[in-house]
Amino acid sequence: MNTKDRKYNFRTIEQKWRDTWKAAPINTDKDRPKFYCLDMFPYPSGDGLHVGHWRSYVISDVLARYKLLQGHYVIHPMGFDSFGLPAENFAIEHGIHPEKAVAESSVIFKRQLEDICAMYDWDMELSTTDPAFYKWTQWIFVQMYKEGLAYEKEMPLNWCPACKVVLANEEAAGGECERCGAQPGKKNLRQWMLKITNYAERLLADLDMLNWPDKVKKMQADWIGKSYGAKIDFAVDGRDEKIQVFTTRPDTLYGATFMVLAPEHGLVKALTTEENREKVEKYVQDAGVLSNVDRMAKKDKTGVFTGSCAINPLSGERLEIWISDYVLADYGTGAIMCVPGHDQRDFEFAKKFGLPIIQVIAPDKCGRHDAAPTEAYTGDGFMVNSGNFNGLPAEEGKEAVANHLEHLGIGEKTVNYKLRDWVFSRQRYWGEPIPLIHCEKCGVVPVPESDLPVMLPHVDSYKPTDTGESPLALIADWVNTKCPACGGGAKRETNTMPQWAGSSWYFLRYVDVNNDSELISRAAMEKFLPVDYYVGGIEHAVLHLLYVRFYTKFLYDIGVVNFQEPFTQLFNQGMINRFGMKMSKSKGNGVSPDELITKYGCDALRLYILFLGPPELDVDWNDNGIEGVFRFLNKLWRLVAENADKTVPPTAAHEQARHKMIYDISTRMENLTLNTVVSGFMEHTNKLTDMARQGGIDAQSLNDLIVLIAPFAPHIAAELWEICGRTTSVFGEKWPMYDKEKMAESTITVVVQINGKLRENIQIAADAPKDDILAAARASVATRLDGQNVVKEIFVPGKLVNFVVK
RNA sequence: GCAGCCGUGGCGGAACUGGUAUACGCGCAAGACUAAGGAUCUUGUGGGAGAUUUCCCGUGCAGGUUCAAGUCCUGUCGGCUGCACCA
């Protein structure tokens, strides 16, 4: 066949290679070193994919194919996170059972995912709603329960009084119910909690061993929020109760002039005196009604006096005990000692309610102070007005005061975390049933492992109940069961798990997806895990990624896995925006890949999405730009198709260009600056096209160019490979190697500057001695230097000469 | 408010450890081939003067360090993201 007559007919080509790869997959050699490249799996929403979704899938697929060419067996699976609120709400809205909705959406999703031509191994496909999968989600919970990590607790939840339904924080954001617009309140409900706080220190410390973006590590560290300080007991004047506070500033204890408790604090009732009872109760009531969001939006300090006083353990002063909503019940001990001289919030509160302000830290040793300060002094300094501690630097004072309190037996040095235990239950239908049974005689009994999975019953009404209980509570047949311990009548737990449950461990299951006797076999775990590269959105920087790390550490502790961190390396791609907003179907600014594929092909769309901009940053979608990469693919096609049957023996210039090409593409690939890899392909294709026109092109250059581009544009690469007469798969090739010495040019351009300003360029042999280069440089600017006093000559090898004149 | 990231042509963006700013692409302009072009190819394209071979200015703004700054430092303005009364 005369290759010159063949046009770049992407439709035929792409279909041909898809069929070929379906019949003969390219990534099957499990004896190679493994590389596990994982995408965050989607929940199948029914809206379908837009090009914004493509971005992360294209990035991970390029990486996967690159690793394949580097000689790895690549684990590159895909699945569906099908449980959870989005699927349930979609189902309720459309009146379709979630099971059916999810199944239908999955089919659409899978078809659209196939359009990307990512080399997913669909034999590993999983869905969190598959009983064979959630059996193990439940199994993990049972292990956690047995290890004492799961416990029950009454928790205040967002509650919409109109819809009579528990709202997720997200659904209650902005102070109104997402569904009906009513103002949500709080309702106490019994919840299952997971003690993630037991792992706080490890979750923080092990961040060090991760090759993750610093940004994400910092977000996790801030979320865990470790701080050093002291717990101090304050005696209540004339009563037996003690109030414990946490402070990071024990050095300011002498400056504590009042105390504040969170409205929800357990001692509020006891400490409130008769004459204050009415207004305290009203304040507590009002604070409870406010959603967290509203409570944070408040700027003015509010509060009420309880009528009781505490005693400052060092100064002996009487401290009024107030309550205020600026103290959070769930941070520290829910009570604080207030040092208005050195804490801005305490300062504002003291000003408003006329409470005393004492300076105990001074910026210098003399202890000068402002008679009427307008703000708290939070800087460094020395202790003053602090008895025996006067003159001590504040930093030393923290330690000294804490030691003194420990000695007195009324305080201890302590570490505090912002991280709180995880509310793990949901009052929803569409989730994994929590595998526990409540027996009047035996208490809470876990479902025996042999009885797992506890199947989610199929029901017609899966809408939330108006009592706040899960819809499962209405199914008597299902709820009533026998106690596994005593055999007596018992009731099933009706709460379900959050969507996070399945996504916290799914990465383990892909490599042993059909195992019905274990979560994962030891052999598969040792061979294929952990994940080498995890690609997904930054929106999961904290919750999802923290939960997975927690699960992994737990599974390590009980011996299921032999590693402590699930994802060695992490990459967060940016969003694709259009019209200044994140692309989404609901905003009407989504761009469907379908039309673009029809018009330009999958390869062109893959390249264009990468070409848009740096993968880690947000980019703006531009409808026109894809023409550019489409033209490039045509150029590439012509370069190979027109020269494949008339290649010439390589010259030194061919070799130089080829090594430079491999170097450019490889280094940019390693840095994952994929937008510059694509521009690199354009540059080098242009260069090779010029060479081909001038004196022909050698076979090796074409060969290497095709292999390099194969991970990016797999179809055209495979077709051009065939045009070059190759009968084996291009994906069986090795990523080309470069030799730095061979890519050096024989002549180089040296820039000649005078006082740092560019004046001339000279061409000179790369190996010319320094003196020759200086002489040539001097000659090139001789007229300019005439009569000038050259005080210095700067020589940068291979780059420039700069004459400094006065 | 605090923390992190980012400000480069008409547009998206290049520029590795300071060393030719604007690679690559879009758009635009002119030309070629055409009956025709919304196909393809070639050339040009930061701004301002002089206009053959030249000079000045130019990476948000103001300073600084350096022979040399988009890159480093200080301050400032603007944008994005995260956290948000964390004791």
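Quantities reported herein were computed from a predicted structural model and do not represent experimental measurements.
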Seminar exercise, completed: Base orientation of B:rG7, chi within 90° of 0 counted as syn, else anti, reads anti

Regarding [X] and [Y], do their side chains bring together a donor and an acceptor under 3.5 Å, going by distance alone?
{"X": "A:S227", "Y": "A:Y417", "value": "no"}
{"X": "A:Y600", "Y": "A:E627", "value": "yes"}
{"X": "A:E348", "Y": "A:Y326", "value": "no"}
{"X": "A:N761", "Y": "A:T749", "value": "no"}
{"X": "A:N686", "Y": "A:T689", "value": "no"}

Exercise. Atom CD1 of A:I357 and atom NZ of A:K351: how far apart are they, to the nearest 0.5 Å?
Worked result: 5.0 Å

Nearest-angstrom distance, [atom1] atom, [N] to [M]:
{"N": "B:rG10", "M": "B:rU45", "atom1": "P", "value": "15 Å"}
{"N": "B:rG60", "M": "B:rU8", "atom1": "C1'", "value": "10 Å"}
{"N": "B:rG37", "M": "B:rG70", "atom1": "C1'", "value": "42 Å"}
{"N": "B:rU40", "M": "B:rG25", "atom1": "P", "value": "14 Å"}
{"N": "B:rG19", "M": "B:rC5", "atom1": "C1'", "value": "27 Å"}

Check: protein-nucleotides 54-57 of chain B nitrogen or oxygen pairs below 3.5 Å:
residue : atom : partner : partner atom : Å
B:rC55  : OP1  : A:R784  : NH1          : 3.1
B:rC55  : OP1  : A:R784  : NH2          : 2.5
B:rC56  : OP2  : A:R759  : NH1          : 3.4
B:rC57  : OP2  : A:K757  : NZ           : 3.0

Give me, pair by pair, the N or O atoms of the protein and of nucleotides 1-6 of chain B that are less than 3.5 Å apart, along with how far apart they are.
residue : atom : partner : partner atom : Å
B:rA3   : O2'  : A:K218  : NZ           : 2.9

For [X], what residues pass the salt bridge (Lys or Arg N to Asp or Glu O under 4.0 Å) criterion, not counting sequence neighbours?
{"X": "A:D690", "result": "none"}
{"X": "A:K599", "result": "none"}
{"X": "A:R778", "result": "A:E793"}
{"X": "A:R631", "result": "none"}

Starting at atom [atom1] of [X], determine the distance to atom [atom2] of [N], rounded to an integer number of angstrom.
{"X": "A:F246", "N": "B:rA87", "atom1": "CZ", "atom2": "P", "result": "7 Å"}
{"X": "A:Y331", "N": "B:rA87", "atom1": "OH", "atom2": "C1'", "result": "7 Å"}
{"X": "A:Y608", "N": "B:rG12", "atom1": "OH", "atom2": "P", "result": "11 Å"}
{"X": "A:Y600", "N": "B:rC26", "atom1": "OH", "atom2": "P", "result": "11 Å"}
{"X": "A:L612", "N": "B:rC26", "atom1": "CG", "atom2": "P", "result": "14 Å"}
{"X": "A:D664", "N": "B:rA15", "atom1": "CG", "atom2": "C1'", "result": "13 Å"}

Polar atoms only, N or O, under 3.5 Å: list the protein pairs with nucleotides 37-43 of chain B and their distances.
residue : atom : partner : partner atom : Å
B:rC41  : OP1  : A:R638  : NH2          : 2.6
B:rU42  : OP1  : A:R693  : NH1          : 3.4

Exercise. Is atom CD of A:Q763 surrounded by more than 12 heavy atoms (other residues, nucleotides or ligands) closer than 6.0 Å?
Worked result: yes

Exercise. What residues, two or more places apart in sequence or in another chain, satisfy ring pair (Phe, Tyr, Trp, His ring centres under 6.0 Å) together with A:Y228?
Worked result: none

Problem set entry | Partners passing ring pair (Phe, Tyr, Trp, His ring centres under 6.0 Å) against A:W322 (at least two apart in sequence or in another chain) | A:F305, A:F349, A:F353

For this session: Sequence neighbours left out, what pairs pass ring-ring contact (aromatic ring centres under 6.0 Å, His included) with at least one residue falling in residues 656-693 of chain A?
Result: A:Y663-A:Y738, A:F681-A:F712

Seminar exercise, completed: Between A:L639 and A:A692 the two heavy atoms that sit nearest each other are CD1-CB, 4.1 Å

Seminar exercise, completed: Closest non-hydrogen contact found for A:G628 with A:M682 is O-CE, 4.5 Å

Exercise. How do A:K792 and A:G613 order along RNA chain B: which one's closest nucleotide is nearer the 5' end?
Worked result: A:G613

Between protein and nucleic acid, restricted to nucleotides 18-24 of chain B and to nitrogen or oxygen atoms under 3.5 Å apart, what atom pairs and distances do you find?
residue : atom : partner : partner atom : Å
B:rG19  : N2   : A:Q753  : OE1          : 3.3

Exercise. Can you list the stems that include RNA chain B, where a stem is three or more consecutive Watson-Crick or G-U pairs with distances under 3.5 Å?
Worked result: B:1-7 with B:77-83, B:10-12 with B:24-26, B:27-32 with B:40-45, B:46-49 with B:54-57, B:60-64 with B:72-76

